[in-house]
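Single-structure report; data block below.
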2 protein chains.
Amino acid sequence: MGYSDYTGEFKYSVDTKHRVNIPSRYRKIMTEENVSEVVISKGFDSNHIDVYPLPKWITLRDKITASMQLVNRTHRNFLRQFTQNANHCTLDSQGRIMLTPKLMELAGIKDNGNVMIIGMIDFMEIWDPDELEKHQENTPLTDSDFEKLEQLPLI
Amino acid sequence: MGYSDYTGEFKYSVDTKHRVNIPSRYRKIMTEENVSEVVISKGFDSNHIDVYPLPKWITLRDKITASMQLVNRTHRNFLRQFTQNANHCTLDSQGRIMLTPKLMELAGIKDNGNVMIIGMIDFMEIWDPDELEKHQENTPLTDSDFEKLEQLPLI
DNA sequence: GGTTTTAACCCATAATTACCCACAAATCTA
DNA sequence: TAGATTTGTGGGTAATTATGGGTTAAAACC
């Protein structure tokens, strides 16, 4: 991992086969880092899809399983939700991934519609455009966010 | 980074392909520092574009992501807004960068219009000329601003 | 076991972007 | 001041990218 820097926002179509393009810059980063496989999963909170390049998935998985106590009910529930909707997939020769019906449903992504892909530095998110807009409207950056920023040394 | 010293104010045109020239002195600094890539992003507060030479972007990104937890909803929301409008771009052979439609829209920069580029020591800002003038008129530095500044170490 | 469904692979094309060359204006140099 | 160089700007062309569809191979399903 290390130096991946997925940033920006891209709009792509979802075709009838549920294929979604991955931004070409992201693909370049992945080939540089010898990654041809990603894990797509339900986003932690809300209605979108997370896309983890395999190495990122592995570290995430390890962090979670390391601190996990199997006897703890909440932990078990979290683990179940975490893995349940996680699907490995490889890019096709045009650089696309195929979404599963379940994840599309969860994210409100419509067949033959569009998606927004957002870079989150070391992974990506896939959103239905309407859901994203709704979410942004509901979570604007507040003054207190910026106050927190100011507390960081030297930004 | 270290010694970059972007200063001054420049006026350039935006052509039909959304290309904007980078001041030649800035380009010289960048080649000296082996930087051929920048990240353009929505400015923190207002309606302009920030241009970070890649090393500056990396340090900024690292400071912001250092204290982030992926399982924290607020953190994720903040990270998303931070990266969403950040686009990597490389200078073309004439030393220009290409603005994205979204950032132009956010900054009020008109197709085929002009921009002002302002040096901010280790990064740059791109403004629509009218927006800049308006902003300057509305936000003169007051005495109380300077009092706050005085509380900062070593200015 | 045969049929239907599903997914991988390949090819085609339109749109977009990167790359290259050109030229006028400004700046530098001798 | 005159010539040479650099700088800002525009446009054409080749390459890349996004997207669609057809075909074969592999599952899944009676």
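Numbers restart at 1 for each chain; the letters A, B, ... are given by sequence-line order, proteins then strands. Below, all heavy atoms of this structure are taken into account, side chains as well, without hydrogens, waters or symmetry copies.
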Check your understanding: Across the strands shown, which category fits B/Asp92 at heavy-atom distances under 4.0 angstrom: base, sugar-phosphate, nothing?
Key -> nothing
Review point. What nucleic acid atoms does A/Arg27 come within less than 4.0 Å of, heavy atoms only: base, sugar-phosphate, or nothing?
Key: sugar-phosphate
Item checked: Under 4.0 angstrom between B/Ser24 side-chain N/O and D/dT6 OP1 or OP2 -> no
ask   = Does B/Lys28 have a side-chain nitrogen or oxygen under 4.0 Å from the phosphate oxygens OP1 or OP2 of D/dT7?
value = yes
Problem - Distance-only donor-acceptor check, side chains B/Arg61 and B/Thr83, under 3.5 Å - result: no
For this session: Answer yes if the side chains of A/Glu131 and A/His48 hold a donor-acceptor pair under 3.5 Å, and no otherwise.
Result: no
- Do B/Arg19 side-chain and D/dG8 base share a donor-acceptor contact under 3.5 Å? no
To the nearest Å, how far apart are [X] [atom1] and [N] [atom2]?
X	N	atom1	atom2	value
A/Phe10	D/dT16	CZ	P	18 Å
B/Ile22	D/dG8	CD1	P	10 Å
A/Gln94	C/dT13	CD	P	14 Å
B/Asp15	C/dA18	CG	P	13 Å
B/Tyr12	D/dT7	OH	P	10 Å
A/Ile97	C/dA7	CD1	P	14 Å
A/Lys11	D/dT19	NZ	P	11 Å
A/Met30	D/dT17	CE	P	13 Å

Closest to the [X] side chain: [options]?
X	options	answer
B/Lys17	D/dG20, D/dG12, D/dT19	D/dG12
A/Ser93	C/dC20, D/dG8, C/dC10	C/dC10
A/Met98	D/dT19, C/dA8, D/dG10	C/dA8

| Hey, is CD1 on B/Ile121 packed in by over 12 heavy atoms from elsewhere, all under 6.0 Å? | yes
Comparing nearest nucleotides in DNA chain D, the 5'-proximal residue of the pair A/Arg25, A/Arg96 is A/Arg25
Exactly one candidate in B/Arg96, B/Arg27, B/Gln94 meets side-chain hydrogen bond (donor to acceptor under 3.5 Å, both in side chains) with B/Asn21; the answer is B/Arg27
| task | Output yes when B/Glu137 and B/Lys134 qualify as a salt bridge under the 4.0 Å nitrogen-oxygen rule, no when they do not. | result | no
